[in-house]
Amino acid sequence: GEEASPSSPRPILGRAVSLVDRALDIALGATVAVAALTVLAQVILRYLFNRPIAWGDEFAVMVFAWMVFVGAAVVQRDDSHLSLDSLVRLLPPRTELVLYLVRIAAMAVVLGVLFVQGWVLAERFSGLRYPAMGISRGFLYWVLPVCVPLIAYYLLRCLIRALRQAPDGR
């Protein structure tokens, strides 16, 4: 192992990855806060004052979609998606690795479909506007082409980590 000098690409890449990680954490926190505050305001204004926010429901749905996919990227970073692995952990390490690789491959296929379909939907709905907000409906679907590559990147990192930690030393 050669050590990277401060001017080499490795520290720059590491800082860029850390910056992306931090930006996603901030974006996730912001979407959670904005979605919660929007729904809370909508409930208070609708039921206490009988004056709902005209754009509140549209906005909450859009922010919720972004929250879900930014959150999916964040949890993929540590491979911490909810899973039932009790039985898998009882299997021999090599079999457990094979099943993990099958899961990674299935996720990659699904991500590919989501990316393509998200792009198609974003383009298709870009000319339509939300009635109350007046912004493009395509913004809702751009969450897929924006977030899916981030999820795929973190999925690849998890794959590399799993292969490096494989029982046969790969």
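We count residues from 1, following the sequence as given.
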Rounded to the nearest 0.5 Å, what separation is found between the [atom1] atom of [X] and the [atom2] atom of [Y]?
X	Y	atom1	atom2	value
Ile160	Gln165	CD1	CD	12.0 Å
Cys147	Leu24	SG	CG	7.5 Å
Ile104	Leu156	CD1	CG	9.0 Å
Leu155	Asp79	CG	CG	8.0 Å

Please work out whether the ring planes of Phe115 and Trp119 are parallel, tilted or perpendicular, with thresholds of 30° and 60°.
tilted
State which residues pass salt bridge (charged side-chain N to carboxylate O under 4.0 Å, His left out) with Glu96; sequence neighbours excluded, sorted by chain then number.
Arg89
Just wondering, more than 12 heavy atoms not from Phe64 lying within 6.0 Å of its CZ?
no
Heavy-atom count around Asn50 CG within 6.0 Å, excluding the residue itself: above 12?
no
Test of understanding: clusters of I, L, V, M, F, W, Y form through side-chain heavy atoms closer than 4.5 Å, transitively. Do [X] and [Y] belong to the same one?
X	Y	value
Met107	Val113	no
Ile135	Val61	no
Trp55	Leu37	no
Met62	Leu128	yes
Val109	Val116	no

Considering non-hydrogen atoms only, spot the tightest contact between [X] and [Y] and give its length.
X	Y	value
Ala54	Ala132	O-CB, 3.4 Å
Ile151	Ala72	CD1-CB, 3.8 Å
Ala73	Leu150	CB-CB, 4.2 Å
Ala65	Val143	O-CG2, 3.8 Å

Would the distance check show the side chain of Gln42 and the main-chain N or O of Ile53 forming a donor-acceptor pair, the cut-off being under 3.5 Å?
yes
Between Thr38 (side chain) and Gly56 (backbone), is there a donor-acceptor pair under 3.5 Å?
no
Under 4.5 Å between any side-chain heavy atoms of [X] and [Y], yes or no?
X	Y	answer
Phe69	Val146	no
Gln76	Leu111	no
Phe139	Tyr130	no

Under the criterion side-chain contact (heavy atoms from CB on, under 4.5 Å), I'd like the reasoning laid out for Trp66 against Val34: C-alpha separation, chi angles, the key distance, then a yes or no.
CA-CA 11 Å; Trp66 281 85; Val34 168; over 6 Å; no
Salt bridge (charged side-chain N to carboxylate O under 4.0 Å, His left out) pairs, two or more places apart, involving residues 141-156:
none
Strictly by salt bridge (charged side-chain N to carboxylate O under 4.0 Å, His left out), give each pair with a member in residues 112-131 just once, sequence neighbours left out.
none
Considering only Ile, Leu, Val, Met, Phe, Trp and Tyr, and joining two whenever side-chain heavy atoms are under 4.5 Å apart, list the other residues clustered with Val43.
Val39, Tyr47
Residues which pass side chain to side chain contact (heavy atoms under 4.5 Å, CB included) with Leu28, listed by chain and number, not counting sequence neighbours
Thr31, Val32, Met67, Val70, Val74
Qualifying side-chain hydrogen bond (donor to acceptor under 3.5 Å, both in side chains) pairs with a residue from residues 136-161, counting only residues at least two apart or across chains:
Asp21-Tyr154, Tyr153-Arg157
